[in-house]
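Being a predicted model, the structure only gives us computed values, none of them experimental. Both backbone and side-chain heavy atoms feed into the values below; hydrogens, waters and symmetry mates do not. Proteins come first, then strands; the chains are lettered A, B, ... in the order of their sequence lines, and each starts at number 1.
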Amino acid sequence: MSKNGDDSFDARLKAAERRSGLEKKEDSAEKEDAIEQSLPGLALRAGAEMLSALIVGVAIGWELDHWLKTRAVFLVIFALMGGGAGVLNVWRLVKSIDGK
Amino acid sequence: MAGGSSINVLEQFELHPVLGGLGEALRFSQSPLYMIVAVCLVLAFLYFGMRPAAVVPGRLQAAAEVCYEFIHNMAVDTIGPEGTAFFPFIFTLFFFILAGNYIGLLPFSFTFTSHIAVTFALAMMVFVLTVIVSLKVQGLRFFAHFMPEGASPFLAPLLIPIEILSFLSRPVSLSIRLFANMVAGHVMFDIFASFVIMLAGFGVVGDVFAVGPIAINVALMALELLVGVLQAYVFAILTCIYLREAVAH
């Protein structure tokens, strides 16, 4: 203890700080991680993200086709873009979990 | 629920007029009825919980305070100092969904969160709020988010629509997640419950084997209690995350 008094004090201070203030935050972050990382939950979330973007793309394409009387041109374009947006959503979801 | 030989697991989600003639005239189905029940339950919980206003809280008051602090911490930790402004909205959203999910687990009741119309309306409310807050806080810079930084301008015609679609898909994914979880859970309940009825038709052997699906349904109930609070939490935390992006400068 007496050998490296300063170091041990710093360490103890940090431990005390963590106990009083910071530890709470770490706990909540861990809890969120645990919820996100339950595999079926994550799979369902990723699936919903992918599907929803596709639904939005198809809906917009369908409506534009209906409105502009162009047969299926916009449907094709927006379905592809919706798929792309779905992949983007999943990528963001996975990245946010990896980054933590 | 499932009846006799023909089993229709989706029958439980059908809407029927309730409260006799009055309900029929007003097209008043179980869905709004249970919404009102959910709201009344939450209000009663908070009212009776906080009525003593004791310095040392009793059980109900402690529960109400824990709920308050849980959502308050979630809002402030996720959104930042501005989170206090949105706290009432998030609190309402969380407990409305939670009460809806849990009321639906009671026998003979109805789960209003199992209808995409309801969950999509809730998600659109969140979406419109985030767009309004974004436009108010960030002004026209809000639209700059649709072009990823550092991307080549030649890719803009491709990237901007994809970013916009990704943004527009938020309310859809938010609503589908809650809706799908609730429907899946209740369909599983119904399927295993119908197994019990089918097995009961096979005499004594069936009666013995019917214990299996009943045990599974008990386990499912525990799972659904978890899923109910988890989905309400996910809905609330995603609302917080979207609002954080909206208030960020």
Side-chain angles (χ1 to χ4, degrees), chain A residues 21-64 74-97 99-100, chain B residues 69-78 116 119-120 123-124 127 145-146 148 151 155 157-185 188 223 226-238 240-242 244-245:
Chain A
L22 287 168
E23 204 169 57
K24 235 192 242 167
K25 266 185 194 163
E26 279 174 6
D27 266 6
S28 70
E30 270 171 25
K31 224 186 289 162
E32 273 170 40
D33 268 10
I35 284 166
E36 300 287 19
Q37 280 177 353
S38 77
L39 201 58
L42 184 65
L44 198 70
R45 224 187 120 181
E49 293 283 353
M50 220 161 170
L51 187 70
S52 59
L54 194 62
I55 288 173
V56 171
V58 167
I60 291 174
W62 186 277
E63 280 302 312
L64 278 177
F74 285 104
L75 180 63
V76 170
I77 295 170
F78 275 90
L80 285 174
M81 280 180 172
V87 175
L88 180 69
N89 282 347
V90 173
W91 181 64
R92 284 213 177 111
L93 174 74
V94 175
K95 195 180 69 168
S96 73
I97 292 164
K100 263 181 204 166
Chain B
E69 274 168 18
F70 172 64
I71 305 292
H72 190 267
N73 287 344
M74 181 167 85
V76 174
D77 285 351
T78 316
I116 189 108
T119 58
F120 190 67
M124 275 315 280
F127 182 72
H145 291 304
F146 290 122
L155 284 173
L158 186 65
L159 287 177
I160 291 172
I162 285 181
E163 286 284 341
I164 291 172
L165 279 178
S166 167
F167 184 69
L168 291 178
S169 74
R170 278 174 175 186
V172 181
S173 74
L174 204 57
S175 54
I176 284 181
R177 195 173 308 125
L178 177 59
F179 149 80
N181 270 288
M182 288 301 121
V183 169
M188 282 204 291
L223 181 72
L226 176 72
V227 166
V229 72
L230 207 60
Q231 287 308 314
Y233 176 76
V234 166
F235 204 99
I237 196 100
L238 282 174
C240 288
I241 289 170
Y242 295 159
R244 178 182 62 191
E245 284 172 17

Which pair of heavy atoms, one from [X] and one from [Y], lies closest together, and at what distance?
| X | Y | value |
| --- | --- | --- |
| A:Ser52 | B:Ser173 | OG-CB, 3.1 Å |
| A:Met81 | B:Pro157 | CE-O, 4.2 Å |
| A:Arg45 | B:Leu238 | NH2-CD2, 3.6 Å |
| A:Ala85 | B:Leu165 | CB-CB, 3.8 Å |
| B:Ile162 | A:Gly84 | CG2-C, 4.1 Å |

Residue B:Ile176 versus chain A: region with a heavy atom under 4.5 Å: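 Side chain only.
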A:Ile60 portion near chain B, given a 4.5 angstrom heavy-atom threshold: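 A:Ile60 touches chain B through side-chain heavy atoms alone.
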Close side-chain approach of A:Asn89 and B:Arg170, heavy atoms under 4.5 Å: no
Most contacts with chain A, counted as non-hydrogen pairs under 4.5 angstrom, among B:Ala180, B:Ala184, B:Ser175, B:Ser169: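 Looking at each option in turn, the highest pair count goes to B:Ser169.
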